[in-house]
Amino acid sequence: MNDIHIQQDAEDAHDNAYAGLLSNDAHWAFGTDFEDPLAGVDTTIPDGLDAAELAQYCLMLGDDALVYAHRLSEWTSRAPDLEEDIAIANLALDLVGQARLLLARAAAADSSIVPVLPEGSPVPDEDRLAFFREAGDFRNVRLAETPNGDFAELVTRLLVLSTWRLAIFERLVGHPDAVVSAIAAKGVKELAYHRDFAGRWFVTLAGGTSESRRRLTDAMRAVWPLIPELGEGTDTERTVGVDPAAVALEVGVVLDQVLAVGGMTAPDVPGLARVRGRAGRQGMHSEALSRMLAEMQVVARAHPRGRW
Amino acid sequence: MTENQAEWPLYEVFIRSKRGLNHVHVGSLHAPDAELALRHARDVYTRRNEGVSIWVVPSADITASSPQEKDPLFAPSGDKVYRHPTFYDIPSNVPHM
Amino acid sequence: MQVDEAPLEKAFDATIGAGDRIEPRDWMPEKYRQTLIRQVAQHAHSEIIGMQPEGNWITRAPSLRRKAVLLAKVQDEAGHGLYLYSATETLGVSRDELTRRLIEGKQKYSSIFNYPTLTYADVGSIGWLVDGAAICNQVPLCRTSYGPYGRAMIRICKEESFHQRQGYELLMTMMRGTDEQRAMVQESVNRFWWPALMMFGPPDGDSPNTAQSMEWGIKRHTNDELRQRFVDMSVPQAEALGVTFPDPELQWNEERGSYDFGEPDWDEFWQVVKGNGPCNTQRIAHRKAAYDDGAWVREAALAFAAKARADEND
Ligand SMILES: [Fe+2]
Ligand SMILES: [Fe+2]
């Protein structure tokens with residue numbers, strides 16, 4: 001009898017160890033069952049904020065997240081080990097979550113940007129923006145859309161993108177729009193983790209083997225030309241958001257620090273040219289984006305009245 | 001069985017899911033060092049739930065008692081956490097271990 | 001070293017007989033250990049290979065919510081594989097060794113994952129029918145005689161039940177959508193029904209290891225028992241969903257209190273098991289590529305850790 005009790009207790013304790021973990025966490029498959037992404041949040045636009053500009057700004061930040069999440073999600077079942085596979089999926093999940101909130105916010109702020117679907121279509125606004133816009137309407141930076149390279153490329157690009165995004169989100173926590181501020185507050189924790197993951201792996205690859213160091217050097221040469229674009233802000237960013245130029249210094253310091261610990265030097269490469277002054281934020285993308293979208297949007301577009 | 005040089009060592013993971021509870025063994029994972037083991041544990045076993053306390057211990061560093069009085073196959077007995085061959089260093093040039 | 005194993009075997013049998021668990025440091029018959037390794041490894045491989053058919057649709061998920069759900073689900077499967085490989089480590093076989101046995105074709109995984117996923121509805125069918133069949137197979141394993149395996153299964157089963165609900169909910173939502181979506185669901189269910197039934201393994205008469213595994217408490221029900229349970233569970237679910245199963249012989253048998261159903265195509269089953277399924281080559285090649293491509297990363301991390309240790313000791 002006693003033994004049975006002890007065993008039962010042990011099993012209860014075992015269950016309890018998980019009990020606390022199995023609640024309230026968006027990273028479990030069953031924790032992603034969110035319905036209206038902005039439910040219960042005050043979506044009135046505060047006085048003095050241009051709604052159309054705010055919508056454009058949310059598109060920029062939302063598209064960066066959506067497009068890079070796509071690249072990260074392509075790593076699923078392809079990572080160097082199971083532990084890394086799970087970690088990368090967590091990164092992608094965070095960014096899909098951010099994209100969903102930001103696109104919903106963009107649509108709520110300015111309904112005129114939302115693609116029109118057949119009468120009675122149940123497709124929610126954030127999905128219309130994600131799945132029914134053309135490449136030229138996407139506002140993400142080009143670094144987010146570049147096709148995946150090897151693990152060194154993942155680490156290097158993630159380091160750069162998460163460092164930038166974190167610096168911007170930290171400032172957006174104080175944004176007058178309650179929705180943007182809430183999204184930023186949640187995002188800061190996530191992005192700090194992303195940067196940490198990337199920084200730690202950057203240093204590991206830098207100090208690992210000659211091959212890992214060579215691959216990291218190649219990755220930096222591929223990523224660095226796309227960095228200047230991140231700092232060239234638009235009027236939209238300057239009026240209703242955070243001017244990326246204002247965080248460039250801080251970002252540079254963080255990157256220098258990581259590079260120094262790894263004993264790496266930044267490649268001396270020029271920034272990728274713009275096309276008649278336009279780059280990602282103005283809808284001028286690389287060839288990779290329309291191909292990515294063809295894949296991302298294929299099912300949704302085949303069913304404009306579909307319910308998922 | 002041959003050992004691949006590039007396999008990361010095994011760590012045992014202990015989690016306290018909320019204050020007031022003991023850390024409980026939840027499983028194991030591979031990591032090159034303790035720092036990454038902690039990070040892996042957070043991703044794998046908690047999916048980054050905050051407020052969870054995690055311990056990681058190299059499996060090879062755990063001294064285990066023997067559940068049975070007689071433990072004749074390996075001596076000294078009170079050592080490894082698992083009793084099977086992987087956890088005993090075998091030179092990689094020994095074939096078919 | 002010669003050891004008299006008779007008293008050890010007696011203690012082992014007594015532990016099993018009392019319904020108690022065998023734990024990693026216990027003595028166990030070599031055949032028990034080998035059978036467990038084979039079963040748990042096969043299960044772990046199934047989780048990992050099982051990431052691919054559904055992972056195939058992550059980049060094409062038709063809504064942001066579905067994308068997140070599917071990403072998290074496939075991620076759970078990686079976790080399941082990881083927990084199960086942890087259980088095999090306690091039996092003295094490393095994950096690395098087992099991964100190599102998998103990609104060299106020396107160990108198997110569930111044949112269901114050698115079928116292709118052709119539409120988004122397949123994500124729903126897999127959740128409902130494949131994860132559902134897996135639950136039928138796996139819930140009894142939470143009480144399996146080997147402690148680490150049983151503990152891994154407790155956690156896995158909790159997540160699998162969410163997977164099944166997720167899949168069913170996707171299909172339910174699609175059934176409330178357009179005619180095309182309803183047709184897509186039915187077509188997908190038609191394709192996955194028979195392979196799902198095959199997941200319980202060959203008929204009992206053709207399953208040579210079952211008896212010994214049941215005696216050892218590694219397995220707790222026969223293939224045919226579990227298959228029947230699955231059919232009985234699924235038919236009312238299909239009715240609620242508004243889909244049919246592609247089996248003209250499927251009908252309620254009042255006397256048995258169960259559904260009668262037709263024979264799966266066992267010839268197809270054995271073809272797929274023997275490596276000739278629609279996706280066997282592709283699945284293994286994908287897994288091998290990930291393993292090979294990651295080798296330099298794993299090596300680099302080890303080298304980095306070794307240098308850090310050396311620095312500490314200086
Ligand atoms: Fe699973
Ligand atoms: Fe599952």
Side-chain angles (χ1 to χ4, degrees), chain A residues 3 7 11 14-15 18 22 26-34 66 69-70 73-74 76-86 89-90 92-93 96-97 99-100 103 122-124 126-127 130-131 150-151 203-205 207-209 211-212 215 295-296 298-300 302-303 305-308, chain C residues 18 20-21 48 51-52 55 57-76 78-79 81-82 85 95 119-120 151 154-155 158-159 162-163 165-166 170 173-174 176-178 180-181 286-287 289-290 293-304 307-308:
Chain A
D3 282 357
Q7 189 182 327
E11 278 175 13
H14 180 74
D15 282 351
Y18 296 133
L22 293 176
H27 289 113
W28 301 100
F30 47 87
T32 45
D33 198 21
F34 33 51
L66 175 61
H70 184 103
S73 75
E74 288 176 331
T76 303
S77 76
R78 292 184 169 83
D81 217 333
L82 298 181
E83 285 84 355
E84 257 51 58
D85 216 296
I86 291 169
N90 274 341
L93 273 168
V96 170
R100 190 160 188 252
L103 295 184
V123 176
E126 67 273 17
D127 288 339
F131 298 100
D150 61 8
F151 189 73
V203 170
T204 300
L205 297 182
T209 59
E211 179 174 14
S212 66
R215 285 175 180 265
E295 180 175 344
M296 185 196 290
V298 63
V299 179
H303 303 272
R305 292 171 192 275
R307 222 177 262 282
W308 303 102
Chain C
D20 240 341
R21 306 302 156 89
I48 298 307
M51 295 169 72
Q52 293 179 39
W57 288 92
I58 290 174
T59 55
R60 290 176 289 175
S63 79
L64 294 176
R65 172 170 170 258
R66 287 296 169 197
K67 194 184 283 289
V69 171
L70 185 55
L71 251 170
K73 196 216 157 184
V74 174
Q75 181 192 41
D76 282 353
L82 193 152
Y85 286 126
R95 186 202 298 175
T119 70
Y120 202 78
R151 288 191 286 277
I154 290 174
R155 178 160 195 172
K158 274 188 186 156
E159 295 181 11
F162 284 99
H163 292 178
R165 242 184 285 170
Q166 166 275 140
L170 169 60
T173 311
M174 290 178 70
R176 288 201 310 269
T178 62
E180 290 90 340
Q181 286 185 293
H286 181 115
R287 183 70 192 99
D293 292 349
W296 71 269
V297 179
R298 299 191 297 272
E299 264 161 43
L302 273 184
F304 179 79
K307 281 181 206 166

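First the proteins, then the strands, lettered A, B, ... as listed; each starts at 1.
Options A:Ala79, A:Gly207, A:Ala69, A:Ala302 differ in how many heavy-atom pairs under 4.5 Å they form with chain C, and the most are formed by A:Gly207. Taking chain C as the reference chain and counting heavy-atom pairs below 4.5 Å, the highest number among A:Arg215, A:Glu295, A:Glu211 is found for A:Arg215. Heavy-atom pairs under 4.5 Å with chain A were tallied for C:Gly294, C:Gly55, C:Gly81, C:Ala18; the largest tally goes to C:Gly294. Looking only at heavy-atom pairs under 4.5 Å with chain C, the residue among A:Leu82, A:Thr209, A:Val203 that has the most is A:Leu82.
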- Message: Go through it in stages, so that I can follow the logic: the residues are A:Asp81 and C:Arg298, the test is side-chain contact (heavy atoms from CB on, under 4.5 Å), and I'd like the CA-CA distance, side-chain angles, deciding distance and then a yes or no.
- Response: CA-CA 8 Å; A:Asp81 217 333; C:Arg298 299 191 297 272; 3.6 Å; yes
- Message: Is there a side-chain contact (heavy atoms from CB on, under 4.5 Å) between C:Gln75 and A:Leu93? Walk through the geometry before answering.
- Response: CA-CA 10 Å; C:Gln75 181 192 41; A:Leu93 273 168; 3.7 Å; yes
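Contacts between C:Ala308 and chain A at a heavy-atom distance below 4.5 Å are absent for every atom of the residue. When heavy atoms are compared at a cutoff of 4.5 Å, C:Arg66 approaches chain A solely by way of its side chain, counted from C-beta outward. Contacts between C:Leu82 and chain A at a heavy-atom distance below 4.5 Å involve backbone atoms as well as side-chain atoms.
Among all heavy-atom pairs drawn from A:Thr204 and C:Ala301, the shortest one is CG2-CA, 3.7 Å. The minimum heavy-atom distance linking C:His286 with A:Ser77 is given by the pair NE2-OG, 2.8 Å. Residues A:Trp308 and C:Arg65 come closest through the heavy atom pair O-NH1, 4.1 Å. Closest heavy-atom contact between C:Ser63 and A:Asp127: CB-OD2, 3.1 Å.
Between C:Arg95 and A:Glu83, at least one side-chain nitrogen of the basic residue sits less than 4.0 Å from a carboxylate oxygen of the acidic one, meeting the salt-bridge criterion.
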